[in-house]
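Here's the structure, in structure tokens; my notes come after.
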Amino acid sequence: MASGSSRPQILCVSFNQDNSMFSVGTKEGFKIFDARTGRLCNDNKLGGLNVVELWFATNLIAMVGTGEQPSRSPRRLCLFNTITCASKKDLNFRSTILAVRFSRTRLIVVLQDKTFIYDLNSTRILEEIDTVHNPKGLCAFAPNSEWCYLAIPASTSKGSALVYKASEPELICQIDAHESPLAAMAFSSNGMYLATASEKGTMIRVYIVAQATKSHSFRRGAYPSTIYSLSFGPCIDRPDVLAATSSSGSLHMFFLDAARNGRNQTNKLLGSIIPGSKAISDALDPANHHVIHNIAPAETKSCLAVHSVEYSQNSSKFPAVRTVVYVVTHDGYFREYTISTTKSNESSWVLEREFSLLDTGYTQKQNEHHHVD
């Protein structure tokens, strides 16, 4: 795998709200790419940036500096126009800004001990939430959902999340997902499902938000690993695929649909009749787990997005599936994978595209087929 230890360090990566574009922040500035074509849309050397968030496919971004320049304080959020290269609005805070999220009408700003919900048009504070200590700025946001669901950690000792309607704003539930503190969270596109992973990283769980009830448990592996990124398939109704990347350098894909996970019902029944049913059902529910190893060097951070999930025109109970996943790694690469899964649950993958984010060189991979473990 290509490596570039002498290149400028990537400090942050983020996809926009429909995963059509993504941004990277470096010690020099930011770059914006079209994920579908690999085209470099914007390259601006404004100084070091810890946060770069896109507002859909528009010329508005939110950025937060590293503090190496006085105008790029880590406590200042700049709403920036990439065409005019001018600030539209600056918002200043008392402590470092750790995460920013956008919807059409809401702006979310996450600090270490507070989370703010703004009306985006007026930049008026709608809610100031006192949170538990959240040094990584962990949050999940569903910008395309009707209620703009927001999830933030509820505990520093357990894997619990508070879910808010950012549209109101209003607290709607607490989800107690793991025994260890949370490390990653992601909503499905409509906000109906929330995926969570703890710092241990061996289990990934999916909850139905409206009932705060668990719908799926997936075992990523037996050994601890940090989950860097979670992404559901883009299905508007019930999500069909959940993908994850981890510090082991692997990409994991799980099927959520009932047809492919018919054995799950047996596992849940077994769990219900054996003492310690929660642990049993987790252990016996591997679902349809497919792994691509070595997508990045171990411990290299990554951000992924499931671009599309296509089913073959087949009347079989277990249709063949073609899943396209985008992965951006902090060592400076974009990769597009196609994972093909047959009716008998055998899988193979192709690295369709790979290009450098820092050199903007482009390498097209030609039909490199591999079996998935």
Side-chain angles (χ1 to χ4, degrees), residues 2 4-93 96-104 107-110 118 120-121 123 137 141 143 229 300-305 326-336 353-363:
S5 58
S6 63
R7 303 177 183 193
Q9 182 184 357
I10 289 180
L11 303 178
C12 63
V13 177
S14 180
F15 284 89
N16 71 343
Q17 290 77 7
D18 63 3
N19 297 329
S20 63
M21 306 181 74
F22 67 93
S23 61
V24 296
T26 71
K27 291 183 177 180
E28 296 181 348
F30 69 82
K31 293 185 179 186
I32 300 172
F33 294 86
D34 187 320
R36 298 161 296 187
T37 65
R39 181 174 66 91
L40 177 61
C41 304
N42 201 294
D43 185 356
N44 204 316
K45 292 179 171 57
L46 295 170
L49 297 172
N50 280 329
V51 175
V52 182
E53 286 289 324
L54 306 176
W55 190 49
F56 296 85
T58 71
N59 57 313
L60 179 67
I61 69 170
M63 61 185 189
V64 179
T66 59
E68 295 176 5
Q69 297 174 324
S71 61
R72 296 283 172 254
S73 167
R75 299 187 300 275
R76 177 179 298 161
L77 170 63
C78 177
L79 298 177
F80 186 79
N81 187 315
T82 59
I83 294 179
T84 63
C85 291
S87 172
K88 180 181 177 181
K89 180 79 173 182
D90 286 349
L91 299 173
N92 295 297
F93 298 85
T96 298
I97 301 163
L98 300 174
V100 178
R101 299 291 185 268
F102 274 129
S103 74
R104 292 289 182 189
L107 171 66
I108 309 298
V109 181
V110 181
Y118 284 84
L120 180 59
N121 294 323
T123 60
F141 191 48
S229 186
T300 299
K301 289 184 179 181
S302 54
C303 180
L304 88 159
Y326 297 151
V327 181
V328 181
T329 55
H330 280 231
D331 62 344
Y333 289 91
F334 170 94
R335 296 180 177 92
E336 176 185 324
R353 291 187 294 147
E354 176 186 44
F355 62 88
S356 168
L357 306 174
L358 302 173
D359 297 337
T360 64
Y362 184 89
T363 304

**Item:** Flag, side chain of Ser73 to backbone of Gly67, donor-acceptor distance under 3.5 Å
**Value:** no

**Message:** Other residues, nucleotides and ligands only: do more than 12 of their heavy atoms fall within 6.0 Å of CZ on Arg75?
**Reply:** no

**Asked** Do Tyr326 and Arg36 have side chains that get closer than 4.5 Å, going by heavy atoms?
**Response** yes

**Prompt:** Has Arg104 got its NZ or CZ under 6.0 Å from the middle of the six-membered ring of Phe56, at an angle within 45 degrees of the ring axis?
**Reply:** yes

**Request:** Check for a donor-acceptor pair, side chain of Thr96 on one end and backbone N or O of Pro74 on the other, with a separation under 3.5 Å.
**Result:** no

**Complete:** The reported gap from NZ in Lys88 to CG in Asn59 (rounded to nearest 0.5 angstrom) is 8.5 Å

**Message:** side-chain contact (heavy atoms from CB on, under 4.5 Å) for Leu77 and Val109? Distances and angles first, verdict last.
**Reply:** CA-CA 9 Å; Leu77 170 63; Val109 181; 3.8 Å; yes

**Donor-acceptor pair, side chain of His330 and main chain of Ser302, under 3.5 angstrom** = no

**Asked** Can Leu60 and Leu79 be said to form a side-chain contact (heavy atoms from CB on, under 4.5 Å), step by step?
**Response** CA-CA 7 Å; Leu60 179 67; Leu79 298 177; 4.1 Å; yes

**Item:** Side chain proximity check, Val100 to Leu107, heavy atoms < 4.5 angstrom
**Value:** yes

**Prompt:** Is a side-chain donor-acceptor pair under 3.5 Å present for Asp18 with Asn16?
**Reply:** yes

**Message:** Could you check whether Phe141 and Phe102 have their ring centres less than 6.0 Å apart?
**Reply:** no

**Message:** Which heavy atom of Glu53 sits nearest to which heavy atom of Ser14, and what is that distance?
**Reply:** OE2-OG, 2.9 Å

**Prompt:** Judged by atom type as modelled, is there a donor-acceptor pair below 3.5 Å linking the side chain of Ser229 to the main-chain atoms of Leu304?
**Reply:** yes

**Request:** For side-chain contact (heavy atoms from CB on, under 4.5 Å), just list the numbers for Leu46 and Arg72, CA-CA rounded to whole Å, side-chain angles, deciding distance to a tenth of an Å, and then say yes or no.
**Result:** CA-CA 9 Å; Leu46 295 170; Arg72 296 283 172 254; 3.9 Å; yes

**Request:** For the residue pair Val24 and Leu358, establish whether any side-chain heavy-atom pair is separated by less than 4.5 Å.
**Result:** no

**Asked** Looking only at atom types and distance, does a side-chain atom of Lys31 sit under 3.5 Å from a main-chain N or O of Gly25, one as donor and one as acceptor?
**Response** no

**Message:** If we check ring pair (Phe, Tyr, Trp, His ring centres under 6.0 Å) with Phe334, which of these qualifies: Phe33, Phe15, Phe22?
**Reply:** Phe22

**Message:** Between Ile61 and Asn42, does the side-chain contact (heavy atoms from CB on, under 4.5 Å) criterion hold? Intermediate values first, please.
**Reply:** CA-CA 11 Å; Ile61 69 170; Asn42 201 294; over 6 Å; no

**Message:** Check whether Gln17 reaches the backbone of Leu54 with its side chain - one donor and one acceptor, N or O, closer than 3.5 Å.
**Reply:** yes

**Request:** Give a yes or no answer on whether the side chain of Thr58 reaches the backbone of Trp55 with a donor-acceptor pair at less than 3.5 Å.
**Result:** yes

**Request:** From the options Glu28, Lys301, Lys27, select the one residue that forms a side-chain contact (heavy atoms from CB on, under 4.5 Å) with Leu11.
**Result:** Lys27

